[in-house]
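Below is one structure, written out as structure tokens; comments come after it.
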Amino acid sequence: MDQPGTRTHKELEEIFGEVEAPFAFVDLDAMWANGDSMLERAGDKPIRVATKSLRCRPLIEQVLDRSDRFQGLMSFTLPETLWLAERGMENLLLAYPTTNLEALSELALRSVALQGASPVLMVDCVEHLDLIESVLGAQASPVRLCLELDAALWAFGGRVKAGTLRSPIHSPEDAVALAEEIGRRDKLELVGLMAYEGQIAGLGDRIPGRPFRSRAIRSMQKKSRAEIAERRAETVAKLREIAPLEIVNGGGTGSLDSTSTEEAVTEVAAGSGFFAPGLFDHYSRFSLQPAAGFALPVVRRPEPRVVTALGGGYLASGPINPERMPIPWLPKGLEFEKDEGAGEVQTPLVGDAAASLKIGDHVYLRHAKAGELCERFESLILIEGNEIVDEVPTYRGEGQTFL
Ligand SMILES: Cc1ncc(COP(=O)(O)O)c(C=O)c1O
């Protein structure tokens, strides 16, 4: 399948000819173009940056410096959140519940000094509240909480669910009941509501490998947009009678245009759109430029139209399907060998383009997802125009593996 972007293999080889592969890189021109396009799609709403989709502290900092509409971070584990806070990051929303008592105790200690600026934790049930309260000493400042509303669409009279399995809080009444419970606890404070409509934001409507759009997906997404807008607005209105909500967060890269139009939403979340990984090639509503990739060295030629590269088996999380594989990118026209795929140590690549590659050349691939690429590499080489301008550590390169 033809991929977006204008880079050529020759261009990348001229830039990276002397660099020892495997390595990962980010094309800053493409990344900032993607950033601008996301800001445009977010209308007048600020974008909270999803750190899981970048996993590189220097790049996260550059994003926050780029525009004052990139506001705050959406983190993915409490140890990560504390690590970022220690390094001066502010306005942190941990988007997933934690059961890490050690990290919670540390947060409680630090929240005395941080007060109103302490990171916000995600909750969706009474057990979460009990767990957080169990580590709070008498001196602790109130812990700031965000309630997660399930954003999935129930169709066919509640028999089919489109969306991710996350929070059990579905109706405005469910949300009010938990908010009231939080209100009864002195050391807990409700400051936010988050609802992530993954069935819109994380699901492309194009059929991979074909020029068609899926009618079923488009119709589900249309229904879901209307349904979540109404339910979110009603929930926010009811919660505002109980607690002063500072944050009403929704959406992701794939839903910026729709989530941002909801009046009840104060901010949208996005991260993947900066790198624009393979899974984001399948949306008809917007297009992004491939901004992150990795290079493998060609190490052997088993047949005239086949080269074998070292490494490459960097599969993405999620359901088992071919879209979770990395994508052979440049030179154009390379494909995985059907029986071998992307290998643990070696990856054969077949196609006309293979015939012209030499041992020692690089082949370039893209990850299917964004931040997961950084779990495979200690650094990202940054390019601008046709030059290497910097090399920055990933989380892994800073010795941090949070998930
Ligand atoms: C709570 C939440 N918000 C937003 C996102 C969207 O992130 P991205 O823009 O990287 O797709 C996700 C992704 O899974 C998420 O879990």
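Ligands are counted one by one from 1 in listed order, and the atoms in each one are counted from 1 as well. Any value given below was found using the heavy atoms of this structure, including those in side chains, with hydrogens, waters and symmetry copies removed.
- Ring geometry, F402 versus Y395: the interplanar angle exceeds 60°, so the pair is classed perpendicular (tilted spans 30 to 60°).
- Checked by atom type, the side-chain pair Y314/E375 shows no donor-acceptor distance below 3.5 Å.
- Every pair passing salt bridge (charged side-chain N to carboxylate O under 4.0 Å, His left out) that includes a residue from residues 90-108 is listed here, sequence neighbours excluded: E106-R110.
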Pair up each side-chain donor or acceptor in residues 236-245 with any protein partner under 3.5 Å, not counting sequence neighbours, and list the distances.
{"from": "K238", "atom 1": "NZ", "to": "E173", "atom 2": "OE2", "distance (Å)": "3.4"}
{"from": "K238", "atom 1": "NZ", "to": "E234", "atom 2": "OE2", "distance (Å)": "3.3"}
{"from": "R240", "atom 1": "NH1", "to": "L245", "atom 2": "O", "distance (Å)": "2.9"}

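- Sorted by chain and number, the heavy-atom contacts of ligand 1 below 4.0 Å come from K52, S53, M74, Y96, R166, M194, Y196, G251, G252, T253, A269, A270, G271, S272, F280.
- Annotation: side chain to side chain donor-acceptor pair (under 3.5 Å) contacts of Y364 (sequence neighbours excluded): E13, H362.
- Ring geometry for H170 against W154 counts as perpendicular: the plane angle is over 60°, on a 0 to 90° scale with 30° as the lower cut.
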